[in-house]
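Proteins come first, then strands; the chains are lettered A, B, ... in the order of their sequence lines, and each starts at number 1.
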Amino acid sequence: MVVLREGMCPGLDEDLLRDLRAADIKTVEDLVSSDIEGLAQKCSVSYKALFAIRRVLLAQHTAFPVSGADLYEELLSSTAILSTGNPSLDKLLDSGLYTGEITELSGGPGSGKSQVCFGVAVHISYQLKQSVIYIDTTGGLAASRLLQMLQAETSNTEEQMEALQRIHVFRLFDVYALLGCLYSLRSGGLQQASVGGGSVKAVIVDSVSAVISPLLGGKQNEGMSLMIQVAGVLKTMAKDFNVAALVTNHVTRSGSGEVQPGLGVSWSHIPRTRILLERVEKAAAVSRPSLRSAKLIKSSRQPCHIKEEFDLQWWSRSEKGSSGKRKLDETDS
Amino acid sequence: MQTYGQEGALNTDTELSHVLHDSKHQAAFYVEENKPQDLLRSFISETGLSEEEAVEVLKAVKGGGGGGSGDFSASLTALELLQKEEELRSIVTFSSQLDESLGGGIPVGKITEVCGVPGIGKTQLCLQLAVDVQVPQCFGGVEGQVMFIDTEGSFLLQRVTDIAAAAVRHCSLLAEDDEQRAATETFTVETVLSNIFLVRCHDHVELLAELHLLPDFLSQHPKIRLLVIDSVAFPFRLLFDELSQRTRLLNGVGQQLITMAINYNISVVITNQMTTRIRDGQSHIVPALGECWGHAPTIRLLLQWEGSRRLATIFKSPCHMETMVQYQITPEGFRDADQSEMPQSKQPRMDTDQSAADPKETSS
């Protein structure tokens, strides 16, 4: 939506602008969708002049068709596939997170969403040497766990610290703060983050449902529009800056007791790829409580409903068995 | 968009806030952000304000709109976050096993939820923590005050005095150097009781109102390091015809709590009840308030019976493995379990020695 301004196109002068305002035509959209004939009478300008203005404005604000070949060329040159660092998840995602797209992880409490996010952040910052923006809306980000994952990768303290510095954390707890942050990232913040070490390759929002769900439900319409705004800015940011957006979502149960991602149907169109994480509830899993299953429930590349099992301990794999806890103690002391 | 509207209303008159509220204008101004002169001019002509006023309003919308967070400098690197985390001490539970599996105790700056069936010891753990948070710093404690929101009427002063007396006795036995001896003189049952702020909330409206007012109280009492809500389930399980409304309110509560936990460096401990869910024809006992609420706490502790043993399980945590430890409730409070098999006189002290010493080691 762009406000009509003087000098935007030939013929749109101050007097005409005032007349248009009087007729409640303020934005380009208003003008384009108005009834030109009636408007010409109201503002006492010629129909022809208004028609010309409309054509110029339309041409200025339209989207251009791009040929498939050009698009493919661009795709090859600009899209990157970021590995999550975990082979099972990479298999589900067709080798990793694609830049320019939104990928969603959903799952119940303790299903490992945040752990996967940590793993991705660590992998991108340490292995790929690129920056990551981590927006934490639940207070669930534990830097000690990030360090623990890095310690599994390298024993060089300096490299660990460098990798930690490439992860930029925002801690925001309401949707307005989230929107403000995303808008400012889109209007220049992302380049700013790139200074000092690789460019930003991923934006992680953990979790998007935590800030939106307090506004949904009942007869609240505002929440819905805010949700779509968040989605819109995430999408354009992912595309414009070629970053991979990874968001997490909670789950709800449908009437038949089946688990499905939260935030409803409108949100379900937003992420390009969706993965549902669950605990493995089998007899074999008792000895390994960190075992999780991941199911692909929406994808434009792979057949849906493929299922993979993976172990949350993968990211701290250098020491097997009771490693996780032991290592945390080491970092503490 | 609401914040921008409010921001405008704060600074100027209501007419202007209407203009700002109009999402059309909002979007238009965002698009044109990179042309400040044009923006200013159109804004002035649009609202009929003086130039000075217009500049002020735009500043408010741009800077304050995102709660100050839109600015990139508001972010931390993970390294800075790590340093922050290491500065914050945890609150010991007086059960060395549980402390060890939690990496030093109940963490500050996070929400910890304690779930369990009636009589398992949820309230006992809360009372224990209310005392433990006041352990002087030279003993490895946090030396803070506590805000206790009681919704079930289960706050028993008699138990608090018992637990406090045990903790005070324990510290005085531990005191070695002058600093610690001096600290024990001020760490008495009376001071422990005077550092507990108790609020009794009878229903969810009172609880929500209290949570809204709490940030002010916390800024007036900067020494508060622990907020206990015992329990969050009780007021919300009553009288809700519409489940979606309950979920919405609860999600809001969760976000409010984590905001306070981080902004004021407090540990938030809440208790939750259990409920039965039928799945695949079998009944399971799961924490109440629904699956959605499960995302709110950072750490979830499940207390349960196994025969006559009491077990505590960490079953959700971003930085701990799933672990299970045994504990018991003694007249002195929440303690490790294995002491019952040991000679009674010596063991309790040994165990608690360890738990009190743990955070000291980590901080050094």
Seminar exercise, completed: Answer key: most heavy-atom pairs under 4.5 Å with chain B among A:M161, A:H250, A:Q160 is A:H250

Exercise. For A:L141, is it the side chain, the backbone, both, or neither that has a heavy atom closer than 4.5 Å to a heavy atom of chain B?
Worked result: both

For this session: Decide whether A:S213 and B:R248 meet the rule of one side-chain donor and one side-chain acceptor closer than 3.5 Å.
Result: no

Problem set entry | Engaged part of B:T247 at the chain A interface, taking heavy atoms whose separation is under 4.5 Å | neither

Exercise. CD1 of B:I285 to SG of B:C115: how many Å apart, nearest 0.5 Å?
Worked result: 12.5 Å

Exercise. Is a side-chain N or O of B:T313 found less than 3.5 angstrom from the main chain of B:F315, in a donor-acceptor match?
Worked result: no

For this session: Check whether A:F118 gets within reach of chain B through its side chain, its backbone, both or neither, counting any heavy atom under 4.5 Å.
Result: side chain

For this session: Sort B:I262 into side chain, backbone, both or neither according to what part of it lies under 4.5 angstrom from a heavy atom of chain A.
Result: side chain

For this session: Give a yes or no on whether a salt bridge exists between A:R279 and B:E322, defined as a side-chain N under 4.0 angstrom from a carboxylate O.
Result: yes

Problem set entry | Residue, of A:G139, A:S209, A:G262, that accumulates the most heavy atom pairs under 4.5 Å with chain B | A:G139

Exercise. Below 4.0 angstrom, N of the basic side chain to O of the carboxylate: do A:E258 and A:R253 qualify?
Worked result: no

Exercise. Contact part of A:V251 toward chain B, heavy-atom cut-off under 4.5 Å: side chain, backbone, both or neither?
Worked result: both

Exercise. Most heavy-atom pairs under 4.5 angstrom with chain A, which of B:T298, B:I111, B:I299, B:T77?
Worked result: B:T77

Problem set entry | Heavy-atom contact with chain A under 4.5 Å, split by part of B:E85 | side chain

For this session: Identify the residue among A:E162, A:E159, A:R166 that makes a side-chain hydrogen bond (donor to acceptor under 3.5 Å, both in side chains) with A:Y126.
Result: A:E159

Problem set entry | Side-chain donor-acceptor pair present, A:Q115, A:R145, cut-off under 3.5 Å | yes

Exercise. So which of B:H295, B:K316, B:K84, B:R277 has the largest heavy-atom pair count under 4.5 angstrom toward chain A?
Worked result: B:H295

